[in-house]
Amino acid sequence: MVASRHTHPLLPSATLPAHQTTHLDTIHYSNKFILLQKHNGTSTGDVLWLGAQCLSAYLPTIHKSITLNPSSLHIRPRLLELGSGTGLAALTMHSLGWDVLATDTDHIIYSVLSPNIAMNYPDPLALDWLVPPISWDWSNPVAVASTTLPPSSTTDANLLQPPFDLIISSDTIYTSELVQPLLRTLHAAATISGSPPVYLCIERRDPALLDQRWGFTTTRIPRKKISKAMEKGGLKWNKEDWDGVEIWKLKLRNV
């Protein structure tokens with residue numbers, strides 16, 4: 001991604017676009033969260049990205065309108081996030097009263113995700129999209145699915161499990177090889193949760209990235225709606241700063 005030439009000298013680092021804060025080890029975000037970042041080049045998930053910022057601004061404007069699963073016995077609404085990265089969206093939704101299961105690869109969990117959210121709600125779990133859904137284990141206290149972590153010898157029935165009332169993901173499609181594993185994972189998670197809404201935020205680099213729809217109907221959220229939500233959330237950016245960022249609502253067909 002090419003950083004914007006526009007700068008915002010009056011904005012604190014908490015509200016700057018992510019590409020202007022990648023050099024920081026710590027971001028004090030909106031006076032609410034402290035986000036740690038890594039700069040070792042090992043993974044793209046070690047730093048904050050634009051999609052997480054935009055989605056974290058948009059979701060607070062619509063989360064109260066989401067219909068909760070009527071068959072659920074839980075009191076608080078439940079959210080599953082795939083590819084949580086630094087944990088901004090997970091932290092945001094937790095602050096709004098949602099129980100959140102943040103997931104990512106084991107590397108990201110131990111590098112930035114777990115340190116960023118450990119004091120706020122239950123530990124994140126590994127969920128590797130390359131593992132077929134038939135092999136997932138929601139009672140595993142370490143990983144729902146992992147290609148690198150050994151199987152756990154214990155289970156925990158108290159872990160946050162399906163059904164989920166909302167599924168989200170951001171900054172997780174940046175190469176075509178990831179599209180099918182991600183959509184398969186989203187489809188499986190939505191199916192076992194009774195078809196909740198899925199919100200996917202991406203930076204569109206390839207027009208064909210969302211052509212594989214995996215049984216979802218897709219609706220793009222108008223840019224004007226996102227812009228209003230960002231303004232309300234304190235992200236008063238130039239339009240060039242988030243050019244190419246899109247939020248899509250996905251819903252399972254025939255459910």
Side-chain angles (χ1 to χ4, degrees), residues 1-8 11 13-24 27 29 35 37-39 41-62 81-93 102-105 108 112-113 129 167-183 185-186 197-214 216 218-231 233-250:
M1 178 180 65
V2 179
S4 168
R5 294 182 181 179
H6 295 270
T7 58
H8 306 265
L11 293 181
S13 62
T15 53
L16 287 173
H19 52 258
Q20 294 186 20
T21 61
T22 53
H23 63 288
L24 299 176
I27 300 175
Y29 202 90
L35 302 179
Q37 298 191 120
K38 300 290 184 180
H39 311 280
T42 303
S43 172
T44 58
D46 289 325
V47 296
L48 183 63
W49 289 86
L50 287 173
Q53 291 181 285
C54 294
L55 190 61
S56 296
Y58 179 70
L59 289 176
T61 67
I62 55 96
E81 183 177 24
L82 302 180
S84 298
T86 59
L88 175 60
L91 285 167
T92 298
M93 294 303 287
T103 69
D104 214 305
T105 63
I108 299 301
V112 292
L113 180 56
W129 311 335
I167 300 172
I168 65 172
S169 187
S170 64
D171 308 304
T172 44
I173 297 181
Y174 46 87
T175 177
S176 59
E177 288 78 11
L178 292 175
V179 176
Q180 183 169 340
L182 174 60
L183 291 179
T185 303
L186 288 171
V198 177
Y199 284 90
L200 178 64
C201 188
I202 64 173
E203 287 188 65
R204 179 70 73 135
R205 296 176 176 84
D206 182 349
L209 279 181
L210 277 181
D211 287 349
Q212 305 176 51
R213 298 190 179 183
W214 261 84
F216 287 105
T218 57
T219 304
R220 182 178 172 182
I221 306 302
R223 185 177 174 90
K224 183 177 292 187
K225 275 192 173 183
I226 304 173
S227 181
K228 285 185 177 179
M230 291 171 62
E231 287 266 339
L235 305 184
K236 304 180 187 299
W237 299 348
N238 300 307
K239 63 180 182 179
E240 295 87 353
D241 286 322
W242 59 292
D243 187 43
V245 175
E246 302 173 359
I247 297 179
W248 290 79
K249 180 181 180 181
L250 284 62

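Quick caveat: nothing in here was measured; it's all calculated off a predicted structure. Note that the numbering runs from 1 along the sequence shown for the chain.
- Partners of Leu178 under the side chain to side chain contact (heavy atoms under 4.5 Å, CB included) rule, at least two apart in sequence or in another chain, are Trp129, Tyr174, Thr175.
- Under the rule for a side-chain hydrogen bond (donor to acceptor under 3.5 Å, both in side chains), Thr185 has no partner lying at least two apart in sequence or in another chain.
- Within the model, atoms OG1 of Thr103 and CG of Leu82 stand 4.5 Å from one another, a figure rounded to the nearest 0.5 Å.
- A distance of 8.0 Å separates CG in Leu250 from OG1 in Thr219, rounded to the nearest 0.5 Å.
- Atoms OH and CD1, on Tyr58 and Ile221 in that order, are 4.0 Å from each other to the nearest 0.5 Å.
- Atom-to-atom distance recorded for Ile27:CD1 and Thr86:OG1 is 7.0 Å, nearest 0.5 angstrom.
- Side-chain contact between Ile167 and Tyr199 is absent, with no heavy atoms from C-beta onward closer than 4.5 Å.
- Under the 4.5 Å side-chain criterion, counting only non-hydrogen atoms from C-beta, Asp46 is not in contact with Gln37.
- Between the NZ atom in Lys249 and the CG atom in Leu200 there is a gap of 14.0 Å [rounded to 0.5 Å].
- Residues Leu59 and Ile168 have side chains in contact (heavy-atom distance under 4.5 Å, counting atoms from C-beta outward).
- Looking only at distances, no side-chain donor or acceptor of Asp241 sits under 3.5 Å from a matching main-chain atom of Pro17.
- Rounding to the nearest 0.5 Å gives a distance of 8.0 Å between NZ of Lys239 and CZ of Arg223.
- By the 4.5 Å heavy-atom criterion applied to side chains, Leu91 and Leu35 are counted as neighbours.
- For Arg220, the salt bridge (charged side-chain N to carboxylate O under 4.0 Å, His left out) test picks out Glu246, with sequence neighbours left out.
- Residues Tyr29 and Thr15 form no side-chain contact, since every pair of their non-hydrogen atoms from C-beta on lies 4.5 Å or further apart.
- Between Cys54 and Cys201, the shortest heavy-atom distance links the atoms CB-SG, 4.3 Å.
- Scanning both residues, Leu113 and Gly87, for their nearest heavy atoms gives CD1-CA, 3.6 Å.
- Remark: Thr172 engages Ser169 in a side-chain hydrogen bond (donor to acceptor under 3.5 Å, both in side chains) (not counting sequence neighbours).
- Here the closest non-hydrogen pair linking Ile108 and Gly85 is CG2-O, 3.7 Å.
- Trp242 has its side chain out of reach of Glu203: every pair of non-hydrogen atoms, C-beta onward, lies at least 4.5 Å apart.
- Looking at heavy atoms from C-beta onward, Pro60 lies in side-chain contact with Thr92 at the 4.5 angstrom threshold.
- Looking only at distances, a side-chain donor or acceptor of Gln53 sits under 3.5 Å from a matching main-chain atom of Ala18.
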Q: Go through Leu48 and Leu88 one step at a time and tell me if the side-chain contact (heavy atoms from CB on, under 4.5 Å) criterion holds.
A: CA-CA 8 Å; Leu48 183 63; Leu88 175 60; 3.8 Å; yes
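- Between the side chains of Glu81 and Ser84, at least one donor-acceptor pair of N or O atoms lies under 3.5 Å.
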